Structures are given as C-alpha cells and as structure tokens.
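Since the model is a prediction, treat every value here as computed from it, not as a measurement.
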Amino acid sequence: MARVFCVANQKGGVGKTTTTVNLAAGLALAGQRVLMVDLDPQGNATMGSGIDKRALALSVYDVLLESASVPEARVRSEKGGYDLLGANRELAGAEVELVQLERREQRLRAALQAVAGDYDFVLIDCPPSLSLLTLNGLCSAHGVIVPMQCEYFALEGLSDLVNTIKQVHANLNRELQVIGILRVMFDPRITLQSQVSEQLKAHFGDKVFDTVVPRNVRLAEAPSYGQPGVVFDPSSKGAVAFVAFAQELVRRVAAL
Ligand code: ADP
Ligand code: MG
C-alpha cells in the first residue's frame, strides 16, 4: 500500500516543487512506483514533469470535485518515470467550490485510497498557503516533508506549519506526522546558513534529514526542459543529492 507524503511549507519559493518533482523521479529511479499529485494552481510540478498543464483533459480539480477518478485523470510523466495527477489554473476555483460541499477536506484522501494498491509512494506538492487545498493534502497523508532554506526567518515560519499539522492530527487525520525537514538551496559558504542548520538539528533532532540539497543551478534549469533535475543532469550536485534523499526516505519509511 502506498505511503502518502505531502511536501509542504506555507512560504513560497522555498523549494517545495523542486523537492516533489526530483524526489518523485529519484524514487522512480530506485524502482518505486510513484504517483505525484500537483495541488498548486500554478501547475509548476506538472510542467516540470514534462506535461503541458494547458493541455490536460482532466486534472486534480476534477478529482477534488468528484467528476473524475484518479485512474481517469492521471497521466504518465515519461521523463520522470512516474504517474501524475496534474494541475492548472482551474484548480484555483476549486477552493471556492469546495467550501460549500460536504467532506470538503477529505476529497483527495478518498480518491487516493482507491489507488493505494497501485503505488509505493504518493507525493503531494502543496501550494504556498494553509488553504483548503493544502488541507486536502494534509488529510490524505501519512506524513509531511518540509523543505526549508536555512535562513533567519525560516524557523519562525516553521512553527505555524507545525501548529497546523498538530491541529490536523488532532481533528482530522490521526496518522499525520512530520516525517522530516529537508535543508534545501544550501550554501555552506554562508555562515548564517550553517548556523541555522545547526539550530535546526539542535531543535528537531533526527526529524532533520541527513541529506542536504545544495543550491545548484541545474535544478533551476531543468523545469524549462520539462524534466526533473535528476533526469536532466544526473551528475550535477543537486541531482546527486535528490537521488540520495530518495534513498534516505525509502530507508526511513521502512523503519517507521
Ligand atoms: P516552491 O514550490 O516552494 O514555490 P520552487 O521549488 O518552485 O519553490 O523553487 C523556487 C525557485 O528556486 C525556482 O526557481 C527553483 O528552480 C529554484 N530552486 C529550487 N531549489 C533549488 C536549488 N537547490 N538550487 C537552485 N535553485 C533552486
Ligand atoms: Mg511550488
């Protein structure tokens, strides 16, 4: 049965989508069956998987509104080696349409349960907010992976996310836990980043993943070629880090 993980952080531009896409491709390279769910109306994870978001016949929007099942709406990312439930601007409307519906925060969970046997991992790329879309992600998941830049205000933002996760755990999803914090866009030459990295480890202990993803321009270039970085340039430092992260996650999940 699939393990379902959200990649979440309410800040934008912290590396959520880059993490989701490269982790999905890294897990696929490790022989895992992966479904990636793009829950951000920007559709960056969709485009970064080599799927044109404007050409999607069905998307996660249709799944949330229960007008399509996951098997009907998923497409294959040939580049990434995983299945994808894509997103585009249409998804922005789902927020408003869901508010008045029953089980509005449990829609994705129900849909994913129907395909849990098809996958080893389901990865959900969340939007940069604690919205109803993110809530659907958190209600579907066993755990949350939090990508974080080691910057001064990063720790402050983290407490909001941790509180949200606690509330969802208490009220909506008893399975939910923080799987780990992933340090991304890391530059060891910047003293502050090394200091924040140490603070993170002191505060969160083994909830901080061992793998550190460096700042690496190849990871930023890959989406414009419609490819995950780990496929676009496998020998780049960023790609090597994400492949190592995928392996670390497989080990951690086996020990859970
Ligand atoms: P989010 O999904 O949290 O908004 P993204 O994954 O889209 O964040 O990343 C924001 C920007 O930073 C993008 O332009 C992306 O290409 C770039 N980026 C992400 N991770 C790295 C990295 N490790 N090295 C260099 N650039 C990165
Ligand atoms: Mg994103």
Side-chain angles (χ1 to χ4, degrees), residues 4-30 32-61 63 70 73-92 108 119 121-129 133-134 137 141 144-149 182 184-186 211 213-246 249:
V4 183
F5 297 126
C6 272
V7 178
N9 186 322
Q10 74 278 22
K11 283 183 71 180
V14 292
K16 289 181 292 297
T17 298
T18 305
T19 297
T20 314
V21 168
N22 284 285
L23 178 58
L27 287 168
L29 287 173
Q32 304 291 313
R33 299 168 303 159
V34 181
L35 172 68
M36 192 181 84
V37 180
D38 189 351
L39 260 192
D40 189 336
Q42 292 184 73
N44 292 346
T46 301
M47 298 296 279
S49 302
I51 303 295
D52 184 355
K53 62 183 177 184
R54 291 156 303 224
L56 287 172
L58 293 167
S59 70
V60 71
Y61 170 85
V63 171
V70 177
R74 68 188 164 194
V75 294
R76 183 76 181 166
S77 167
E78 295 296 342
K79 287 290 180 195
Y82 49 81
D83 287 350
L84 167 72
L85 204 47
N88 53 34
R89 286 198 48 87
E90 207 180 16
L91 183 59
L108 185 62
Y119 301 102
F121 287 91
V122 177
L123 300 178
I124 304 171
D125 185 29
C126 289
S129 62
L133 291 173
T134 300
V144 185
I145 295 167
V146 185
M148 231 187 92
Q149 283 175 264
L182 177 67
V184 297
M185 296 192 229
F186 191 74
T211 310
V213 178
R215 184 171 282 284
N216 178 239
V217 69
R218 302 299 271 168
L219 290 174
E221 289 168 352
S224 59
Y225 296 86
Q227 295 181 27
V230 300
V231 176
F232 174 62
D233 185 356
S235 62
S236 65
K237 280 189 178 157
V240 169
F242 272 116
V243 168
F245 178 50
L249 188 68

query: How many angstroms lie between OG1 in Thr19 and CE in Met185, if you round to the nearest 0.5 Å?
result: 7.5 Å

task: Begin with the C-alpha distance, continue with both residues' side-chain angles, and end with the deciding distance and a verdict on side-chain contact (heavy atoms from CB on, under 4.5 Å) for Glu90 and Lys53.
output: CA-CA 10 Å; Glu90 207 180 16; Lys53 62 183 177 184; over 6 Å; no

message: Taking the side chain as everything from C-beta on, heavy atoms only, tell me whether Pro127 gets closer than 4.5 Å to Gln42.
response: no

Derivation and outcome, side-chain contact (heavy atoms from CB on, under 4.5 Å), residues Leu23 and Ile145: CA-CA 11 Å; Leu23 178 58; Ile145 295 167; 3.9 Å; yes

task: Any chance you could measure Leu85, atom CG, to Thr46, atom OG1, to the nearest 0.5 Å?
output: 8.5 Å

- line: Rounding to 0.5 Å, atoms OH (Tyr119) and CZ (Arg33) come to a distance of 9.0 Å

message: Between Thr211 and Ala241 (side chain of the first, backbone of the second, donor and acceptor by atom type, cut-off under 3.5 Å), is there such a pair?
response: no

Side-chain touch Val213/Leu219, heavy atoms, less than 4.5 angstrom: yes

- prompt: Is a side-chain N or O of Thr134 found less than 3.5 angstrom from the main chain of Ser129, in a donor-acceptor match?
  reply: yes

From Asp38 atom CG to Leu56 atom CG, the distance as rounded to the nearest 0.5 Å: 9.0 Å

query: Of all residues at least two apart in sequence or in a different chain, which pass the side chain to side chain contact (heavy atoms under 4.5 Å, CB included) check with Arg218?
result: Asn216, Glu221, Phe232, Asp233, Ser236

message: Within the 4.5 Å heavy-atom criterion, are Phe245 and Asn22 side-chain neighbours or not?
response: no

message: With side-chain hydrogen bond (donor to acceptor under 3.5 Å, both in side chains) as the criterion, how do Asp125 and Thr17 come out once you've worked through the C-alpha distance, each side chain's angles and the decisive distance to 0.1 Å?
response: CA-CA 6 Å; Asp125 185 29; Thr17 298; 2.8 Å; yes

message: Here's a test for you: under side-chain contact (heavy atoms from CB on, under 4.5 Å), which of Pro228, Pro223, Ser77 qualifies with Ser49?
response: Ser77

task: Have a look at Arg74 and tell me which of Asp83, Val37, Val60 forms a side-chain contact (heavy atoms from CB on, under 4.5 Å) with it.
output: Asp83

query: Does the pair Leu35 and Leu123 meet the rule for a side-chain contact (heavy atoms from CB on, under 4.5 Å), with working shown?
result: CA-CA 6 Å; Leu35 172 68; Leu123 300 178; over 6 Å; no

- request: State, with a plain yes or no, whether a side-chain heavy atom of Val230 is found less than 4.5 Å away from one of Leu29.
  value: yes

Where Val231 and Pro234 come nearest, the two heavy atoms and their spacing: O-CD, 3.6 Å

message: As an exercise, state the distance from CZ of Phe242 to CG of Leu27, rounded to the nearest 0.5 Å.
response: 11.5 Å

Test item: Leu249 and Phe5 side chains (from C-beta on) under 4.5 Å apart, heavy atoms: yes

- prompt: Hey, mind stepping through Tyr61 and Asn88 against side-chain hydrogen bond (donor to acceptor under 3.5 Å, both in side chains) and telling me if it holds?
  reply: CA-CA 8 Å; Tyr61 170 85; Asn88 53 34; over 6 Å; no

- prompt: How close do Ser59 and Gly86 get, heavy atom to heavy atom, and via which atoms?
  reply: CB-O, 3.2 Å

message: Does Arg89 have more than 12 heavy atoms from other residues, nucleotides or ligands lying within 6.0 Å of its CZ?
response: no

- prompt: With a 4.5 Å heavy-atom cut-off, do Val70 and Val63 have their side chains touching?
  reply: yes

field: Separation between NZ of Lys79 and OH of Tyr225, rounded to the nearest 0.5 Å
entry: 12.5 Å

Which atom pairs, one a donor and one an acceptor, fall under 3.5 Å between side chains of residues 6-15 and the rest of the protein, sequence neighbours left out?
from	atom 1	to	atom 2	distance (Å)
Asn9	OD1	Lys11	N	3.0
Asn9	ND2	Pro147	O	2.9
Gln10	NE2	Gly157	O	2.8

Sub-4.5 Å side-chain heavy-atom contact between Val21 and Met36: yes

